[in-house]
S.K.: 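The structure that follows is given in the form of structure tokens.
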Amino acid sequence: MVTSSAPGKVYLFGEHAVVYGEPAVPCAIERRARVTATEREDGLRVHADDLKLDGFTVEYDGDGDARPDVEAERPLVEAAMGYVNEAVSQVREATDAPDAGFEIQIESDIPLGAGLGSSAAVVVAAIDAATRELGVSLSPREIADRAYRVESAVQDGQASRADTFCSAVGGAVRVEGDDCRTLDGIGNLPFVIGFDGGAGDTGALVAGVRRLRDEHDFAADTVSAIGDVVREGENVLGTDDYESLGELMNFNHGLLSALGVSSRSLDTMVWAARDAGAVGAKLTGAGGGGCIVALDESDDALTALKYTPGCEDAFRAELDTEGVRRE
Ligand SMILES: Nc1ncnc2c1ncn2[C@@H]1O[C@H](COP(=O)(O)OP(=O)(O)O)[C@@H](O)[C@H]1O
Ligand SMILES: C[C@@](O)(CCOP(=O)(O)O)CC(=O)O
Ligand SMILES: [Mg+2]
């Protein structure tokens, strides 16, 4: 039995545009998914108590047929289980054990589908735990690469390496296409997170941006403009010029909003944080609902968010310099 954990993340800049080759800067945060893998005879048994569908267990027989212990529509179960299924396929391939069976237990402090990278954290931790369980230890970069293939498969071929690389190596990173690097000397930015209690469908939101980008030149320009914001942000990162960083975050949010991935509650939280003095605020991740990230050294934005109707939870997020690790 092996337990591994991996962190979630916020995007300082660049989500969505990163799918089309623009750079992005996600930062790992101290909220983790923990996955325990135990080898079993055959098939796959998954316990995911945090997965809404209110916590359920799915057992797969040797033929890959899912038998959930709750009444749920099959497509719903399959959608929920996609990441774990694909992660186990990657483990079987990496360990050269096509028939390996696993009991997988998932526990996570990262809200699901909220833009904090729960999918990447679960997949990265699952690949690490299950490969180690079979006596194979992959480097964080190899795990990141396999986890990327999982996200790509589940999101219909439309994913970037950003979330999975960030979760595997930790800290602040920069991803542009296949080029993935760690950013040194960033330090702890004063991140405040607001969570509306909801979630967005990453695959559908990514597909929506793709459609707009295919249909309109101005939408393609909007995606490129996000890349420009990131490139400018890189010049400021590592300095203590939070004002400029914040201004660029605000611009990034506006561009994401133009691409249709914000929501009323995300906008409300963004404005609550700004009105309380945050130097910048934007949605993080795929959008549609879920989380915003604001930059504020004082406690004012945090307090304001806690009293903002529609904001279910607000908390500070510390940079997590550690990526995937065995527990
Ligand atoms: N604790 C968990 N247990 C099982 N599956 C999880 C868990 N957390 C995340 N997942 C998987 O990740 C999906 C959410 O990923 P996604 O839509 O990319 O949002 P995000 O990565 O922003 O949280 C869930 O639908 C589920 O399949
Ligand atoms: C929208 C996107 O850029 C980030 C999605 O992040 P999350 O799964 O919502 O945490 C998609 C991707 O990079 O694969
Ligand atoms: Mg995700």
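Here, residue 1 is the first one in the sequence, and each next residue gets the next number. All ligand and atom numbering here is 1-based and tracks the order in the structure.
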S.K.: Decide whether a cation-pi geometry holds between Arg210 and Tyr20; the criteria are a distance under 6.0 Å from NZ or CZ to the six-membered ring centre and an angle within 45° of the ring axis.
M.R.: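 So Arg210 doesn't make the cation-pi contact.
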S.K.: Decide whether an N or O pair under 3.5 Å exists between Asp163 and ligand 2.
M.R.: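 Checking ligand 2 against Asp163, an N or O pair does fall under 3.5 Å apart.
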S.K.: Would Gly115 count as being in polar contact with ligand 1, using the rule that some N or O on each side must be under 3.5 angstrom apart?
M.R.: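 Yes: some nitrogen or oxygen of Gly115 is under 3.5 Å from one in ligand 1.
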S.K.: Within the structure, is a non-hydrogen atom of Ala162 found at a distance of less than 4.0 Å from ligand 2?
M.R.: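 The answer is no: ligand 2 sits nowhere under 4.0 Å from a heavy atom of Ala162.
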S.K.: Using a 4.0 Å heavy-atom cut-off, say whether Val19 meets ligand 2 through its side chain, its backbone, both or neither.
M.R.: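 Side chain only.
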S.K.: Is the cationic atom of Arg316 (NZ for Lys, CZ for Arg) positioned less than 6.0 Å from the six-membered ring centroid of Phe191 and within 45 degrees of its normal?
M.R.: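 Negative - Arg316 is either too far from the ring of Phe191 or too far off its axis.
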S.K.: Near Ala159, which atoms of ligand 2 are under 4.0 Å from a heavy atom of that residue?
M.R.: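 Under 4.0 Å from Ala159, ligand 2 has these atoms: 14 (O).
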S.K.: Measuring from the heavy atoms of Arg161, does anything fall under 4.0 Å of ligand 2?
M.R.: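 Heavy atoms of Arg161 never come under 4.0 Å of ligand 2.
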S.K.: Going by heavy atoms, is Ala120 under 4.0 Å from ligand 1?
M.R.: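 Judged by the 4.0 Å heavy-atom criterion, Ala120 does not count as contacting ligand 1.
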S.K.: I'd like to check which ligand 1 atoms, numbered from 1 as shown, lie under 4.0 Å from a non-hydrogen atom of Ala114.
M.R.: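 Listed by number with element: 22 (O), 23 (O).
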S.K.: Of the protein's non-hydrogen atoms, which lies at the shortest distance from atom 9 (O) of ligand 2, and what is that distance?
M.R.: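 That would be Ala286 N, 2.9 Å.
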S.K.: Any N/O/S atom, backbone or side chain, of Gln155 lying under 2.8 Å from the Mg ion (ligand 3)?
M.R.: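 Given the 2.8 Å cut-off, Gln155 does not count as a ligand of the Mg ion (ligand 3).
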S.K.: List every atom of ligand 2 that sits less than 4.0 Å from any heavy atom of Gly285, numbering the atoms from 1 in the order shown and giving each element.
M.R.: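 Checking each atom against Gly285, I get 6 (O), 9 (O).
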S.K.: State if Glu151 counts as touching ligand 2 under the rule of any non-hydrogen atom under 4.0 Å.
M.R.: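 Flag not set, Glu151 not near ligand 2.
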